[in-house]
Amino acid sequence: MSASHPSQPTAPPRLIDRAALLRNRARADRAGREHWLHELALAEVQDRLADINRRFTAAAVVTGNPDFWRAAMPGAQVVADAPQLELAPAAHDLVIHALALHWADDPVGQIVQAARALRPDGLFLAVLPGGQTLAPLRAALAQAEVEITGGLSPRIAPFGEIRDLGALVQRGGLALPVADQITQAVSYRDLFHLARDLRAMGEGNALDRRLRRPTARAVMLRAAEILATTAPDPDNPGRIRLGLDLVFLTGWAPAENQQKPLRPGSAQIRLADALSKRTT
């Protein structure tokens with residue numbers, strides 16, 4: 001009679017092919033990477049930091065576009081968005097996770113590592129695409145592939161909703177979590193113009209279960225037709241327009257002198273009473 005062995009826990013399926021992601025980024029760098037999305041993110045990050053009455057002197061940036069962020073924040077330590085972040089414990093008063101968290105197999109693990117790198121009352125700030133980003137493109141590609149080939153393959157990384165993404169900050173061990181979102185409209189001649197721009201940003205398909213051969217041209221042509229119908233640019237006939245949702249996550253490393261949220265039930269006035277006073 002053979003001895004029984006407890007089953008080993010299975011590792012979660014890998015979402016991202018990191019080798020492919022790095023190849024996509026390197027190819028974009030060699031061709032002269034497009035930085036407009038990082039420029040938009042930087043402007044929003046600077047606005048948020050300007051609203052905080054604090055001078056940060058030991059910043060770090062986690063990103064897949066190090067050249068851009070080194071130039072933008074010359075005093076900051078810039079590290080790759082690798083599974084293991086090269087950040088020393090309690091070394092920083094600010095950690096920015098810049099447009100890379102959507103490529104993490106373990107986004108909570110990334111936030112945990114960033115939190116460990118913060119000094120007490122240090123700030124974590126992440127920016128990443130979320131919400132309905134590229135939703136019309138995802139739908140057009142899926143419909144076209146099913147129509148032409150009868151199958152379906154992953155093509156666009158999943159983007160989290162703001163509520164779910166905001167919950168990651170607290171799970172990462174940070175206090176006073178806040179999530180907010182902006183939407184930027186982007187206009188393109190057609191699907192092929194959009195695809196070239198994504199490749200130029202290093203944001204091509206790097207999903208682990210992606211199709212490993214070139215997509216049939218018939219699929220792309222059909223997807224372009226669908227996208228022209230479902231996402232027309234009302235201000236520029238003949239073009240397509242999509243919304244890009246950028247989600248911003250903030251949280252603070254716990255500290256003794258930090259503002260604490262009130263305990264449930266500890267309010268001194270009922271919400272209904274407060275609302276009635278405001279309407280009188």
So does Arg213 have more than 12 non-hydrogen atoms from other groups sitting under 6.0 Å from CZ? no

Quickly, which of Thr63, Val62, Asn65, Leu246 forms a side chain to side chain contact (heavy atoms under 4.5 Å, CB included) with Leu99? Name it, please. Leu246

Donor-acceptor pair, side chain of Gln77 and main chain of Glu86, under 3.5 angstrom: yes

Hphob cluster co-occupancy, Trp69 + Met201, side-chain heavy atoms under 4.5 angstrom: yes

My understanding is that only residues two or more places apart in sequence, or in another chain, count here; which of them pass salt bridge (Lys or Arg N to Asp or Glu O under 4.0 Å) with Arg155? Glu145

Looking at His92 and Ala117, would you say the former's side chain and the latter's main chain have a donor-acceptor pair under 3.5 Å? no

For residues Val219 and Ala144, report the shortest heavy-atom separation together with the two atoms involved. O-CB, 3.4 Å

Scanning both residues in full, the closest heavy-atom pair of Ala231 with Pro136 reads CB-CB, 4.0 Å

Are side-chain heavy atoms of Phe248 and Gln181 found at a separation under 4.5 Å? no

State plainly whether one hydrophobic cluster holds both Val45 and Val178, where clusters connect Ile, Leu, Val, Met, Phe, Trp and Tyr through side-chain heavy atoms under 4.5 angstrom apart. no

Do the side chains of Asp17 and Leu207 get nearer than 4.5 Å, heavy atoms only? no

Got a sec, which residues hit side chain to side chain contact (heavy atoms under 4.5 Å, CB included) with Gln143, two or more places apart in sequence or on another chain? Glu147, Arg222, Ile226

Interatomic distance, Leu227 atom CG to Ile240 atom CD1 [nearest 0.5 angstrom]: 4.0 Å

Treating Ile, Leu, Val, Met, Phe, Trp and Tyr as nodes and any side-chain heavy-atom pair under 4.5 angstrom as an edge, say whether Leu125 and Leu128 lie in one connected cluster. no

In Å, rounded to the nearest 0.5 Å, how long is the span from CZ of Arg209 to OG of Ser153? 12.5 Å

Could you state whether Leu101 and Ile162 fall into the same hydrophobic cluster, counting links through intermediate Ile, Leu, Val, Met, Phe, Trp or Tyr residues with side-chain heavy atoms under 4.5 angstrom apart? yes

Below 4.5 Å, heavy atoms only, C-beta onward: do Gln184 and Leu40 meet side chain to side chain? yes

Can you measure from CG (Leu198) to CD (Glu34) and round to the nearest 0.5 angstrom? 11.0 Å

Sort and list the pairs that fulfil salt bridge (charged side-chain N to carboxylate O under 4.0 Å, His left out) and have at least one residue in residues 184-199, not counting sequence neighbours. none

If you look at every heavy atom in Leu249 and Ala179, which pair is closest and at what distance? CD2-CB, 3.7 Å

Any side-chain donor-acceptor pair under 3.5 Å between Gln113 and His97? no

Do Ile156 and Leu137 have side chains that approach each other closer than 4.5 Å (heavy atoms only, starting at C-beta)? yes

Let's go through Leu49 and Leu123 carefully: what are the C-alpha distance in whole Å and the side-chain angles of both, what is the deciding distance for side-chain contact (heavy atoms from CB on, under 4.5 Å) to 0.1 Å, and is it a yes or a no? CA-CA 10 Å; Leu49 293 178; Leu123 175 64; 3.9 Å; yes

Hydrophobic cluster identity match, Leu191 and Leu242, side-chain contacts under 4.5 Å: yes

Could you go through the side-chain contact (heavy atoms from CB on, under 4.5 Å) check for Glu39 and Leu42 one step at a time? CA-CA 5 Å; Glu39 290 168 354; Leu42 173 64; 5.7 Å; no

Are Asp67 and Arg70 ion-paired here, with the side-chain N under 4.0 Å from a carboxylate O? yes

Is there a donor in the side chain of Asp245 and an acceptor in the side chain of Thr133, or the other way round, less than 3.5 Å apart? no

Quick one: does any side-chain atom of Asp93 pair with a main-chain N or O of Thr57 as donor and acceptor, under 3.5 Å? yes

Side-chain contact, heavy-atom cut-off 4.5 Å: Val112 with Arg116? yes

What's the shortest heavy-atom distance between Leu21 and Gly202, and which atoms? CD1-O, 4.4 Å

Hey, is the main chain of Pro154 close enough, under 3.5 Å, to the side chain of Asn205 for a donor-acceptor pair? yes

Lys NZ or Arg CZ of Arg217 over Phe192 ring: under 6.0 Å, within 45°: yes

May I ask you to decide whether Asp105 forms a salt bridge with Arg14, counting only side-chain N to carboxylate O separations under 4.0 Å? no

Under 3.5 Å donor-acceptor, Asp121 side chain and Ala255 backbone: no

Heavy atoms only: give me the nearest Phe159-Gly131 pair and the separation to one decimal. CB-O, 4.0 Å

Within the 4.5 Å heavy-atom criterion, are Val79 and Val61 side-chain neighbours or not? no

Atom CZ of Arg138 with >12 non-hydrogen neighbours under 6.0 angstrom: yes

Value for CG (Leu134) from CG (Leu141), rounded to nearest 0.5 Å, stands at 9.5 Å

Close side-chain approach of Thr183 to Leu244, heavy-atom, < 4.5 Å: no

To check you understand the geometry: which heavy-atom pair defines the closest contact between Val95 and Ala114, and what is its length? CG1-CB, 3.8 Å

Would you call Asp164 and Arg171 a salt bridge, using N to O less than 4.0 angstrom? no

Does a side-chain heavy-atom distance below 4.5 Å link Val169 with Thr250? no

Hey, mind stepping through Leu94 and Phe124 against side-chain contact (heavy atoms from CB on, under 4.5 Å) and telling me if it holds? CA-CA 6 Å; Leu94 170 66; Phe124 170 78; over 6 Å; no

Residues Glu161, Leu165; criterion side-chain contact (heavy atoms from CB on, under 4.5 Å); working and verdict: CA-CA 6 Å; Glu161 295 296 333; Leu165 293 172; over 6 Å; no

Between Arg33 (side chain) and Phe68 (backbone), is there a donor-acceptor pair under 3.5 Å? no

Under 6.0 Å from the six-membered ring centre of Tyr188 and within 45° of its axis: does the NZ or CZ of Arg239 meet both? no

Check this for me, if you would: do Asp235 and Arg241 make a salt bridge, where the nitrogen-to-carboxylate-oxygen distance has to be below 4.0 angstrom? yes

